[in-house]
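To start, the structure itself, in structure tokens.
In what follows, chains carry the letters A, B, and so on, assigned in the order in which the sequence lines appear, proteins first and then strands, with residues in each chain numbered from 1.
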Amino acid sequence: MLFPTATFAIFFLLVLPLSWLTMPWPHRWRPFIVGASYVFYSWWDWHFVFLLAGSTLWNHVLATAIHRSRVPSQRKLLLVLALAGNVGVLGYFKYYDFFVSSTDNLLSVVGLTFPLGLRTIVLPVGVSFYTFMAISYIVDTYRGDFVPVTLEKFATYLSFFPHLVAGPIVRPSELIPQFDAPRDPRAVDTSRAFYLIATGLFKKVVIANYLAGAIVDDVFGAPGQHSSLELLVAIYAYAVQIYADFSGYTDIAIGVALLLGFKFPRNFDSPYAAVSIQDFWRRWHMTLSRWLRDYVYIPLGGNRKGGRRTYVNLLLTMLIGGLWHGAGWTFVVWGGLHGTYLAVGRLRRGRDEAQPTGFALWRRRVVTFQLVCLAWVFFRADSLGTAKDVLVGLFTRWGDASPLVSFGVVVAIIAGIAPQYLPARWPHALMERFARLPVVAQAGVLGVGLMVTSVMGPEGVAPFIYFRF
Amino acid sequence: MTVETHPTPRRRRSRRHATEDGRRALTAGHALVITLLALVVGCLLDAPGLHKSAFNQPAGWKRDVALAITGPLADVSHALLLDRPRKLLQDALGRGDEDKIDTTITFTPPAPVTTTAAPTPTASHPTARPLPRTHRAAFSPKHKLRIWVAGDSLVITPGWAIIRAAGKARAILPVGGGPDGRVATGLERPDVFNWFTHITRQIRKLRPNAIVLEFGGNDDHGYMTGLPKDVSIGDFGTASWTAEYRRRVAGLLDTTNRAGVFVVWIGLPITRDPVQTQRFDTINAIISSEARKRKGGVEFVDTYATFASDSGGFAQYLTDASGRQILVRAPDGVHFELAGGDMIARMVLHALNEQFDLTSWRKKTPRT
């Protein structure tokens with residue numbers, strides 16, 4: 001079930017009142033919301049509901065066992081077992097074919113064949129997101145940071161539909177305590193919720209979909225056919241497309257959760273206004289960044305084991321981050337580039353410590369954005385060959401005709417980037433004004449916004465980019 | 001005696017709640033009312049678009065229900081002039097025609113079959129005479145063969161591969177940007193997307209010498225719009241359905257050939273679902289027989305055997321010349337992966353090389 005569809009509107013119009021009506025009785029609300037979330041998930045493929053249920057059961061049983069066990073070696077064993085289960089699921093669904101074909105290709109060089117055969121595996125939507133949340137639950141329990149809850153509460157945490165298919169990746173300590181106390185039906189942050197939903201829809205339906213159809217798909221589909229200017233603009237357009245697409249989705253998710261009375265952490269904070277790659281990762285997919293920091297980088301040793309090891313840890317963390325996005329060498333390169341950027345950034349830290357202002361601020365913003373865009377080339381390209389064609393074409397076809405660089409494309413790119421440089425108080429002022437409007441006027445404004453979004457967006461509903469991760 | 005008096009109960013004023021950052025918070029009831037009202041307002045303002053979306057849905061009860069709701073909604077919206085802002089915005093964006101539901105299927109009457117050689121079409125002046133030709137028209141980097149790729153979602157991946165490969169062949173110029181692949185469209189439902197009008201328009205606009213088409217992936221149903229008056233059709237594969245589908249394929253091919261444009265039609269592939277494969281076979285049979293009738297004007301590229309496994313069944317992976325396993329089909333068991341697209345591109349380029357002389361210019365170019 002996609003957010004910007006009539007099906008979801010009907011679903012939500014049923015779930016919203018029923019959720020609030022059952023809220024005073026958590027033992028009724030929780031099964032209700034789990035049921036609703038499973039219906040939401042089964043809309044893609046009902047078979048995968050069993051995978052979600054199985055993951056819930058597996059992690060609940062092992063988290064409880066870890067919590068109850070007092071023997072360190074036993075606790076460690078249970079932790080490894082739980083993690084193996086989660087990584088195994090991800091490995092099978094996301095990486096099996098990548099691993100087999102890569103190994104087979106490698107062995108074929110020396111005339112050998114890999115004994116495992118290739119299979120047809122359909123990736124369950126959202127599996128990466130809820131598996132990472134399950135890993136958080138297991139590791140936090142092992143560390144003693146979180147006390148496991150009942151199966152009912154854990155199932156609610158893992159399957160809660162606003163975050164289920166594309167995040168944000170919410171920690172147990174952020175969400176589960178909210179399930180314990182009924183939310184206050186007299187104090188719903190509607191202005192923020194509707195602002196996020198409306199802007200999220202606009203970003204996804206209008207900006208992201210338009211840029212995809214107007215330039216990005218054409219250029220990355222056949223980079224050899226396009227001029228240097230088209231290639232350059234398409235790279236910027238993709239940077240905006242993926243931001244508008246993913247941040248649009250999570251804005252809607254956060255807004256929907258707010259209407260139900262729940263708070264999710266922020267996932268994006270004007271990432272293209274970042275002044276360094278480290279700053280970028282504090283602003284881009286923030287819940288994944290901190291997950292990688294807390295559950296990969298720090299367990300690897302973080303910066304506690306000396307300079308050289310810190311760089312290796314940074315690189316490894318980002319390589320894992322890259323592979324999390326997809327099984328392909330392009331994602332490995334993307335992760336490797338970001339790992340390298342972070343390592344170099346750390347080396348230069350002494351020089352760039354001060355908060356830049358004026359020209360230095362803009363210089364660093366521009367340089368950071370270019371580095372991020374360079375990495376996006378690999379993220380978007382369907383193969384390393386395509387990425388190479390894009391990068392070579394950037395320098396070799398200046399002067400060719402550039403019909404795809406239209407006024408609309410330039411406006412959409414600016415519309416996607418410019419708001420990130422606006423003062424943070426502006427959206428707050430807008431929300432405050434909206435909140436002061438009478439209820440009917442608020443509905444009117446949103447209704448007009450829906451119509452404008454629908455008219456300005458291309459026909460049809462394109463899937464969200466992050467659904468395939 | 002003292003009488004205990006209670007203060008007169010004052011009417012409790014509802015206390016306004018605020019969010020953490022001081023904004024006015026509303027009740028859950030208000031949230032529901034705003035959501036509901038916003039959707040009603042949005043639906044009324046957007047009613048013509050919703051009605052068109054409902055009309056474009058696949059036949060079935062969902063479409064019937066959607067039409068039963070959006071039809072009256074569009075009438076109310078129109079009566080209250082609430083559809084005006086949408087129209088104004090569409091006009092401002094240059095998309096004023098988007099709400100029209102076009103089911104007209106018009107074909108140029110087929111011309112008498114000629115066996116004499118037709119003049120070579122050039123990029124700037126496509127011939128108005130029908131194909132076939134008796135000699136191979138020559139193209140070169142200075143005078144390139146203009147090709148356009150179009151079809152449903154199945155054409156997208158092979159289309160990009162064709163365009164990439166064509167770009168490397170110096171005598172071919174892909175026109176129209178990328179492949180014109182429209183998801184969930186076909187020849188059955190001109191209301192969803194009218195390919196008959198679109199192809200005619202694009203031929204006029206892009207002036208291709210050859211077009212690469214792929215249709216049928218969404219046509220394995222028993223429901224068609226744009227039927228001629230007094231014509232009704234039965235289920236998929238029945239004689240009446242086949243006759244009407246054949247009429248559409250033939251009309252499209254004739255219209256294209258009469259504009260002097262050669263057609264390469266990519267056949268539907270074997271799919272993971274054997275029932276769907278059987279239905280695709282029915283469509284392939286119609287198209288290939290129509291292609292055979294227009295030898296020299298249409299080439300049907302049969303993809304079935306290419307994508308079948310050694311045992312004749314569906315294959316997700318195929319073994320390449322160096323013995324490596326390559327992924328050729330998408331996880332849905334219908335669409336193509338990159339390598340599958342490349343295989344089709346080779347077949348299409350082969351067909352174009354058979355029809356046109358794309359290489360003799362090399363011999364004439366003096367070596368430096």
Is chain B contacted by the side chain of Ile215(A), its backbone, both, or neither, given a heavy-atom distance below 4.5 Å? neither
What about the rings of Phe3(A) and Phe12(A), do their centers lie closer together than 6.0 Å? no
By number, which residues in residues 41-48 of chain B have some heavy atom less than 4.5 Å away from chain A? Val41(B), Gly42(B), Leu45(B), Asp46(B)
Ranked by heavy-atom pairs below 4.5 Å to chain B, first place among Asp184(A), Leu446(A), Asp382(A), Leu259(A) goes to Asp382(A)
Heavy-atom pairs under 4.5 Å with chain A are the metric here; pick the option from Ile156(B), Leu89(B), Leu93(B) that has the most. Leu89(B)
State whether a side-chain donor-acceptor pair under 3.5 Å links Trp43(A) with Thr7(A). no
Does any backbone or side-chain atom of Pro179(B) lie under 4.5 Å from a heavy atom of chain A? Answer side chain, backbone, both or neither. neither
Check ion pair Asp83(B)-Lys87(B) (N to O, under 4.0 angstrom): no
In terms of heavy-atom pairs under 4.5 Å with chain B, which of Lys263(A), Met23(A), Arg183(A) leads? Lys263(A)
Do Ser153(B) and His335(B) pair up side chain to side chain, a donor and an acceptor below 3.5 Å, judged on atom types alone? yes
Under a 4.0 Å N-O cut-off, is there an ion pair linking Asp180(B) with Arg182(B)? yes
Those residues that, when tested against Gln442(A), pass side-chain hydrogen bond (donor to acceptor under 3.5 Å, both in side chains) (two or more places apart): none
Taking side chain as everything from C-beta outward and backbone as N, CA, C, O, which of these in Leu338(B) sits under 4.5 Å from a heavy atom of chain A? Side chain, backbone, both or neither. side chain
Any side-chain donor paired with an acceptor under 3.5 Å for Ser191(A) and Arg23(B)? yes
Interchain contact, Val452(A) with chain B, by part (heavy-atom threshold 4.5 Å): both
Who among Gln90(B), Arg86(B), Arg329(B) has the most heavy-atom pairs with chain A under 4.5 Å? Arg86(B)
Any Val175(B) side-chain heavy atom under 4.5 Å of Ile147(B) side chain: no
Check: Ile34(B) and Leu26(B) side chains under 4.5 Å, non-hydrogen atoms: yes
Taking side chain as C-beta onward, heavy atoms only, is Phe220(A) less than 4.5 Å from Val390(A)? yes
